Structures are given as structure tokens and as C-alpha cells.
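The chains referred to below are lettered A, B, ... by the order of the sequence lines, with proteins before strands, and numbering in each begins at 1. Note that the coordinates shown come from a computational prediction; the quantities given were computed from them, not determined experimentally.
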2 protein chains.
Amino acid sequence: MVPMADTTLTPERILEAAEEVLRRFGPGKATVVDVARVLGVSHGSVYRHFASKTALREAVADRWLDRVHADLPAVTAGTAPAAERLRSWLHTLHGTKRATALDDPELFATYVALVAEASTVIAASLDGLVAQLARIIADGVESGEFAVDDVPRSARAVFYATVRFHDPTHSAQWADPDIEQQLDAVCDLLLDGLRPR
Amino acid sequence: MVPMADTTLTPERILEAAEEVLRRFGPGKATVVDVARVLGVSHGSVYRHFASKTALREAVADRWLDRVHADLPAVTAGTAPAAERLRSWLHTLHGTKRATALDDPELFATYVALVAEASTVIAASLDGLVAQLARIIADGVESGEFAVDDVPRSARAVFYATVRFHDPTHSAQWADPDIEQQLDAVCDLLLDGLRPR
DNA sequence: GGGCTGACAGATTTTGCAATCTGTCAGCCG
DNA sequence: CGGCTGACAGATTGCAAAATCTGTCAGCCC
């Protein structure tokens, strides 16, 4: 068991090792001993940087969510009409998740399990997403494209109405070749609902 | 092991016994030997009426779905304006499910597990529900309340957009005291989307 | 001295065997 | 006869011992 410590031990390096172990063994069999072995250190050292196995897993979940949602802020901050941006935002969110899910279903399931454990992380992340929706809708109201009484309420409604297309519990349906048309149909309905009459 | 066969053995009686066993032991521990014991017959007899344990469980799932959806056709066939009927239909579906889920979460979980196994049954049931939505929307189009190009497409969109409120995978959220307001917010958006402009 | 190790207690998970269950069918019984 | 029984083979599940894992900490080593 010769160590291969070519760098100092950092949270960053531990997270990378943890991801590798999760990729290889899945969430059920990944242990912190495995993580330590990949790093060539004793498992006690890992506990110097993460208070518990749970904390480590939460950090991995957080990291993954950041990566999966990385493309969205650019859409939110775009210059296109609000309706277009809203549709594009929803398709981006759906598209990234679907691609991840279909590309490597097992790895996707691993990350989903991780995120499901980390209820704090997930709540914060969802609030951030709804805030982006609210910003797009607010822009639309300002430009006269949309007319809504209560922007946050509508943002939440849009988020909830598209649960089928971004919530991992529905990922089995994302293999349906018709799924994008379904999302479009829901978008049509929602956008018509947001427009002034 | 004295028999208590007070009637002839019918599929009906077997289904009732199966439900009792499922209620008491849950989906993981209910066996067809248990069912036979409740009926005071040998387990071989059960196989005279149901081809397999799976078939028996499917029949139970089917029965349960029928019961849970029993109130909907009356709403569909009602005389109120289509918009009202649509909202009421969605609230009825959500309300029945939520009541069942909150009243006895364990029994609810049992039935959900059963239905999840029975993919054929579930697909047929969902098609029936979407058909009811389509009928309400078609009525609305005829009366001028709604304006949509493609009624079946919109019906599916409405169904998908309200997944959060009727799909059992989301039942954990139904305890939220705000859940009905959330459904109302989504309904507002959808109904505005269906109306002519 | 500060990061790291490795042994340890208690909790959790694997393992392999025993018990139970599913589905079948030859024959019994009314 | 026609529905029912009970024994049976193969598959599945439960259980208890053995192995592994988590989290801690006294002490080592650079």
C-alpha cells in the first residue's frame, strides 16, 4: 500500500477522488476507505477535511448540481424576447438533464441518489432556479410581453408545471422520442397563459 | 387449519382477501399462501382463478385505481362551464389522492408499489384520464370558452403540467399546507393559456 | 507543532445456509 | 366429473455470524 501523494491533500482532490469512486462503485458501495485508497492516504485524513461521510456526499452533490445548471444563467441573462428565453431556458434545463440521464443512466442514478440525500443542497438549488424564472418573467412584464399579477407565484407555477421535464423521478420518460414535443406543448400553454389579453 | 369456506371461491373473494393481506403485511411480505389462509383454502386453489401472483396483484391495482378515480366521470359529465369543470376535475383528482396518501401513508405506499409493477394497467388508466380532460376541453372549445388547435395535445399538456399534483412520486410534497394554492396557480396559468385571445 | 497514521468501538453490510414461497400436477372427494 | 388438495422442484427470502465501514483519537514523523 505505497502512497502516491504527489500533492498536498485538499478538499478539491478529495472531491475528485470521491467522484471517481462513486462512478466506479455506485452510491451503495462507495466507502470513504475507497476514497482514501485512491488518494493513497489513510481514511482518517479524509475526516480532517470533511466532518462526515454525509458531508462529503453533500459536497459532491452540490458540485454536480452546479455543473448541470451551468448553462442556465447565460440564457436567463440573454437579450432575446422573454417568451423565447423562457422556452429556451426550459429546453436547456430539460436537455442537459436528459442528455446526462440517457448518456450514462447508472452514473445519473448515482448522482440523483446523492442529491436526494442532500435535502438542504437541493432546496437552495431549486430556489435559485425559480429565481431565474422569475427574472425572465419580470423582464417580460416590463417589456409588455407578459401580464401577471404576482411574478414569484407565476415563476413557481411554471417550475411546477414542468416538473415532468426536469425532475429526475421522471427520467424514465425522457427516453420517449416524443418528449421534446410534449415539453413544447406545455410551453405553448404556459406562454399563452402568461401573455396579456 | 380448519376451513371457513362459507361461500364458493370467486375472483371477487380472492381480491378482497388479497387486499386484506396487503393492508396487513405490505407489498413486500404478502404471499399467496397468506391469501389462501385468509380464505381457508389451499394456495393451489388461488391459481385456479389467477394465473400468477403477478396477475393477482395487477387485478388488485386495477381495482384500486378504479376506486381512486371513481369521482371523476361525474365532474367530466357535469354542466358547469368548462373552465370550472377543468379546475374542479384537477382538484378532485389531487384531493382524492392526497387524502388517501395522508390518511394512511403506508397503505398508500403499498398500492403505489402495486400499480408501479402493473405498467399495462397504469397506461390504460392514464389514457382514460387524458380522454376525460380532452372531453372537457372539447366542450370548452364548442362553447367558445377555449380556443385550441389540437384538443388531444392540449389535454396531454394539461395532464403533464399537473403531474406534481397527481403523480404518487410527488406524494411527499402533498403534506405542504400550500399545495392547493400551488395547484391553483398552475390552473390559473393553464386556463389562461386555453382561453381565446 | 501540524498534518497524518493506524488501532479501536460501535454500527452497518455481506455471506451462505435454512426456511419459505411460487407455480405445477397427480390424484382425492363430494 | 370438476373443483380442491397437498407434495414437490426450483426460485426467493430471512437470519445470524463474519467481515467491513464509520468516526475518534493518542501518538508518530517530518
Salt-bridged, [X] to [Y], with N to O below 4.0 Å?
X	Y	value
A:Glu106	A:Arg23	no
B:Arg57	B:Glu117	yes
B:Glu19	B:Arg67	yes
B:Asp66	B:Arg63	no
B:Arg156	B:Asp127	yes

Nearest-angstrom distance from the residue atom CD1 of B:Ile14 to C1' of D:dC4: 12 Å
Euclidean distance, atom CZ of residue A:Phe50 to atom P of C:dG3 [Å, nearest integer]: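 My rounded result for the distance is 16 Å.
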B:Ser45 vs D:dT5: side-chain N/O to OP1/OP2 distance below 4.0 Å: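 Indeed, a polar side-chain atom of B:Ser45 lies that close.
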Neighbours of DNA chain D within residues 18-28 of chain A, by heavy-atom distance under 4.0 Å: none
Proximity of A:His170 and B:His170 rings by center, below 6.0 Å: yes
Ring center gap for A:His166 and A:Phe159 short of 6.0 angstrom: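 Yes.
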Heavy-atom closest contact (A:Asp167 atom, A:Trp174 atom, distance):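 So the minimum-distance heavy-atom pair works out to O-CZ2, 3.4 Å.
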Under 4.0 Å protein heavy-atom contact, by nucleotide of nucleotides 20-30 of chain C - B base, S sugar-phosphate only: -SBBB------
